[in-house]
Asks: 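One structure follows; several queries about it will come next.
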2 protein chains.
Amino acid sequence: MKKNTATIHDISKALGIDSSTVSRALSNSALVTAKTKDKILKKAIELGYQKNTLASKLRTRKTNTIGVIVPRISRHFFASVISGIEDAAYDSGYDVIICQSLDNLEREKQLIQTMHSNRVDGILVSVSMETNTSDHFNEYKKDGFPIVFFDRPFMLKENINVIIDDYKASFEATEHMIEIGCKKIVHLRGPKTSELYNRRELGYKNALKNNGLDIDDNYILESRLMKEDGLELANKIARLGNIDGVFAANDTVAISTMQYLKEKGCNIPRDMAFVGFSNEPISAVIEPSLTTVGQADVEMGKVASLLLFELIKNTTDKINNQVTILEPNLIIRNSTSKFSKK
Amino acid sequence: MKKNTATIHDISKALGIDSSTVSRALSNSALVTAKTKDKILKKAIELGYQKNTLASKLRTRKTNTIGVIVPRISRHFFASVISGIEDAAYDSGYDVIICQSLDNLEREKQLIQTMHSNRVDGILVSVSMETNTSDHFNEYKKDGFPIVFFDRPFMLKENINVIIDDYKASFEATEHMIEIGCKKIVHLRGPKTSELYNRRELGYKNALKNNGLDIDDNYILESRLMKEDGLELANKIARLGNIDGVFAANDTVAISTMQYLKEKGCNIPRDMAFVGFSNEPISAVIEPSLTTVGQADVEMGKVASLLLFELIKNTTDKINNQVTILEPNLIIRNSTSKFSKK
DNA sequence: CTTCTAAATACAATCGATTGTATTTTTAAG
DNA sequence: CTTAAAAATACAATCGATTGTATTTAGAAG
């Protein structure tokens with residue numbers, strides 16, 4: 001049933017005009033008379049001609065397409081970054097291919113290989129949580145394949161990164177909790193393999209130190225920051241006793257943990273203040289609404305894209321090893337309204 | 001800086017073996033000796049060979065890629081459908097290209113054209129809210145380009161659709177509200193251009209009729225079902241007076257409207273019961289948690305994919321005009337716990 | 001050591017668009 | 001009306017992999 005779409009050769013034959021002229025006419029080249037252009041365009045429409053982009057890409061060695069790999073497209077932060085990327089790409093005439101690694105290293109490898117094999121002009125990556133080596137990227141990078149990393153800082157010394165200032169964000173979030181009167185603040189961090197969470201922890205620790213509070217490693221709880229981790233974390237927090245604040249490295253685990261603590265009879269924010277990270281939409285709607293860190297998402301997508309486009313255009317790699325740091329902003333909501341209501 | 005990736009011809013030259021043999025060796029054809037295969041494979045690795053998929057696709061006229069167009073990838077329902085699609089595609093050896101129309105018709109047109117131009121083997125579409133004509137699909141369908149529609153019923157008589165039983169879902173949701181004692185139920189519906197919302201409205205109306213309640217067209221409020229519509233809808237509902245139940249055609253607007261009504265001092269569910277549609281994750285977490293309709297999301301992705309694969313394999317269009325209807329399930333939460341708590 | 005068959009490899013065309021160069025046509029100048 | 005220059009079009013190679021067919025090589029049989 002599938003008919004073959006018309007090609008420039010069909011138009012060429014139908015009109016007795018060489019296919020090279022047809023090609024030039026369709027790309028509106030100045031080398032073709034307006035009159036012949038007209039004939040060709042009419043026939044193209046008549047035959048339902050649709051350019052075979054594959055052939056074009058093969059010949060020109062340019063796909064005008066960039067690839068994006070994120071852990072999960074459904075996460076609001078990534079969806080927003082993607083909006084920023086799509087906007088920038090649209091303005092520059094690039095197509096965008098979106099894929100999710102589901103935080104799985106094997107899948108990430110597979111995706112890069114597929115994208116490279118499809119000869120995208122470059123890729124934007126927020127690495128998976130399991131990614132702790134850059135071998136699978138270097139393989140392509142050494143041939144000059146343009147890659148820009150965003151969100152999750154990755155091998156800062158060797159790559160181009162666009163990130164937010166996680167340290168500063170954590171510092172300010174923690175300091176905010178201290179200001180409203182928290183004395184014993186637990187930090188829920190992510191896997192040690194991720195530099196990101198190391199930075200967030202450092203911000204937390206330094207804020208404590210700067211404000212004369214003790215750092216207790218028992219107050220730092222590690223998990224994969226998934227919804228499912230909430231119960232265990234809530235139990236651990238309850239067992240610690242006297243905790244009056246929780247600073248989580250993402251909203252998902254903050255909300256989940258908060259729910260379980262509420263079920264245990266803990267009143268938030270009166271007994272315990274809560275701060276998350278990422279500004280998931282759900283954070284604004286839950287009870288109490290969650291104080292969290294906004295991550296300049298759309299902007300991050302735009303900035304990362306522009307860097308990638310530069311990299312694609314450039315034949316040298318002079319813009320390598322560049323880290324662009326965007327400003328986070330603390331969004332204060334009811335989960336830290338503890339004393340301000342007094 | 002960008003080096004060209006090695007091709008089969010580079011391997012061919014390096015070994016003095018014809019490129020056709022190299023090609024066959026790399027695809028592990030039985031026509032090549034194990035010994036030569038070995039030499040070729042070694043050299044391929046040495047040169048960092050990566051198949052140029054574009055060339056392969058062009059030659060074979062097969063891309064092993066399907067396209068997916070959804071309104072928004074960040075919507076939980078679509079993200080789940082996509083999971084189902086990716087699983088099915090992985091099992092069948094297809095790659096998946098995901099795009100979002102942002103509920104914009106022009107963008108939708110653009111995306112189909114780009115995908116077709118890239119010669120994907122077929123596409124899965126949940127049409128945008130603005131889409132009320134099928135012209136831009138028919139253009140491709142008449143050439144036998146495989147398209148399967150899902151989620152939003154679209155020209156059922158002419159196309160292949162995978163949908164849930166919206167009528168039944170609405171009917172059951174409304175009946176559930178009547179059972180718990182609601183007498184004056186408002187329905188928040190989406191644009192008239194979408195058949196989907198017509199069906200949901202019909203389910204609502206018939207449930208009222210079947211239970212001896214009056215149908216009042218003033219109780220049916222139309223909007224784009226966005227978060228931003230919540231305020232106006234809440235005002236309208238307040239003005240109507242005596243409303244004791246709201247059945248919304250999606251969760252987003254249900255939640256937003258509910259928030260505004262709460263701010264006006266309305267106690268939910270005591271004064272007014274609420275039911276949404278789609279089972280967005282946020283619905284489980286808000287206060288009160290929202291009763292809603294689960295839409296067999298992952299399953300829908302799988303079923304739609306399998307149909308598309310069939311369509312791609314088939315040379316006839318005997319499976320055309322087929323509607324697959326999946327079962328919805330009502331998820332009862334606190335927003336309708338009105339009288340059950342008595 | 002031939003001769004025939006089967007297995008392995010080489011040749012060459014192809015997918016559809018692009019582009020440098022050659023050829024033809026048009027236009028303008030003499 | 002001729003001729004040179006400029007403009008328009010045609011020719012042909014190319015991008016990289018695939019595949020039908022032709023050719024060569026190897027192995028077996030006589």
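All chains are named by letter (A, B, ...) in the order of the sequence lines, taking the proteins before the strands, and each is independently numbered beginning at 1. On a predicted model such as this, the values are computed, not experimentally measured, just so you know.
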Asks: Under the rule for salt bridge (Lys or Arg N to Asp or Glu O under 4.0 Å), what residues qualify as partners of K42(B), not counting sequence neighbours?
Replies: D38(B)
Asks: Determine: side-chain N/O of T33(A) to OP1/OP2 of dT9(D), distance under 4.0 Å, yes or no.
Replies: yes
Asks: Run the side-chain contact (heavy atoms from CB on, under 4.5 Å) test against D95(B) and tell me which residues pass, sequence neighbours left out.
Replies: T114(A), T65(B)
Asks: Give the residues of residues 5-12 of chain A touching DNA chain C, defined as any heavy atom closer than 4.0 Å, sorted by residue number.
Replies: T7(A), I8(A), H9(A)
Asks: Excluding sequence neighbours, so at least two apart, what forms salt bridge (Lys or Arg N to Asp or Glu O under 4.0 Å) with E106(A)?
Replies: K109(A)
Asks: Using whole Å, report how far NZ of K13(A) lies from C1' of dG16(C).
Replies: 12 Å
Asks: Classify the ring geometry between H116(B) and F145(B) as parallel (under 30°), tilted (30 to 60°) or perpendicular (over 60°).
Replies: perpendicular
Asks: With a 4.0 Å cut-off on heavy atoms, is V22(A) in touch with a base, just the backbone sugar-phosphate, or nothing at all?
Replies: nothing
Asks: Donor-acceptor check, side chain of S29(B) to backbone of L31(B), threshold 3.5 angstrom: yes or no?
Replies: yes
Asks: Between side-chain atoms of residues 68-79 of chain A and protein atoms elsewhere (two or more places apart, or another chain), which donor-acceptor pairs fall under 3.5 Å?
Replies:
unit_1, atom_1, unit_2, atom_2, d
R75(A), NE, E280(A), OE2, 3.3

Asks: Could you work out, with salt bridge (Lys or Arg N to Asp or Glu O under 4.0 Å) as the rule, every residue matching D10(B), not counting sequence neighbours?
Replies: none
Asks: Looking at every strand, decide which applies to I17(B) at a 4.0 Å heavy-atom threshold: base, sugar-phosphate, or nothing.
Replies: sugar-phosphate
Asks: Polar pairs (N or O, both sides) under 3.5 Å between protein and nucleotides 20-24 of chain C?
Replies:
unit_1, atom_1, unit_2, atom_2, d
dG20(C), O6, R24(A), NH2, 2.5

Asks: Tell me: CG of D18(B) to P of dT25(D), nearest whole Å?
Replies: 14 Å
Asks: Restricting to salt bridge (Lys or Arg N to Asp or Glu O under 4.0 Å), what partner residues turn up for R107(A), sequence neighbours left out?
Replies: E86(B)
Asks: Please work out whether the ring planes of F137(B) and F154(B) are parallel, tilted or perpendicular, with thresholds of 30° and 60°.
Replies: perpendicular
Asks: Hey, which of these two, T60(B) or T21(B), hits DNA chain C nearer its 5' end, going by closest nucleotide?
Replies: T21(B)
Asks: What's the CG-C1' distance between N118(A) and dA17(D), to the nearest Å?
Replies: 14 Å
Asks: Specify the angle, to 10°, made by the local axes at the two ends of the helix from dC1(C)-dG30(D) to dG30(C)-dC1(D) when five pairs are taken at each end.
Replies: 50°
Asks: Distance check needed: dC15(C) C1' versus L58(B) CG, whole Å only.
Replies: 4 Å
Asks: Report the C-alpha separation of D91(B) and K302(B) in whole Å, then their side-chain angles, then the decisive distance to 0.1 Å, and conclude whether the salt bridge (charged side-chain N to carboxylate O under 4.0 Å, His left out) test is met.
Replies: CA-CA 11 Å; D91(B) 291 343; K302(B) 287 199 173 141; over 6 Å; no
Asks: OP1 or OP2 of dG16(C) less than 4.0 angstrom from a side-chain nitrogen or oxygen of R119(B), does that happen here?
Replies: no
Asks: Which residues within residues 35-54 of chain A lie with some heavy atom under 4.0 Å of an atom in DNA chain C?
Replies: Y49(A), K51(A), N52(A)
Asks: For the backbone of N64(A) and the side chain of D121(A), can you confirm whether one donor and one acceptor N or O come within less than 3.5 Å of each other?
Replies: yes
Asks: Listed by chain and number, what are the side-chain contact (heavy atoms from CB on, under 4.5 Å) partners of E299(A), not counting sequence neighbours?
Replies: A296(A), V303(A), L326(A)
Asks: Using a heavy-atom cut-off of 4.0 Å across all strands, would you classify S23(B) as base, sugar-phosphate, or nothing?
Replies: base
Asks: Nearest whole Å is fine: how far is dA8(D) P from N28(A) CG?
Replies: 13 Å
Asks: Between S12(B) and S19(B), do the side chains contain a donor N or O and an acceptor N or O under 3.5 Å apart?
Replies: no
Asks: Once side-chain contact (heavy atoms from CB on, under 4.5 Å) is applied, do any residues pair with T21(A), and if so which ones, sequence neighbours excluded?
Replies: I17(A), D18(A), V32(A), I40(A)
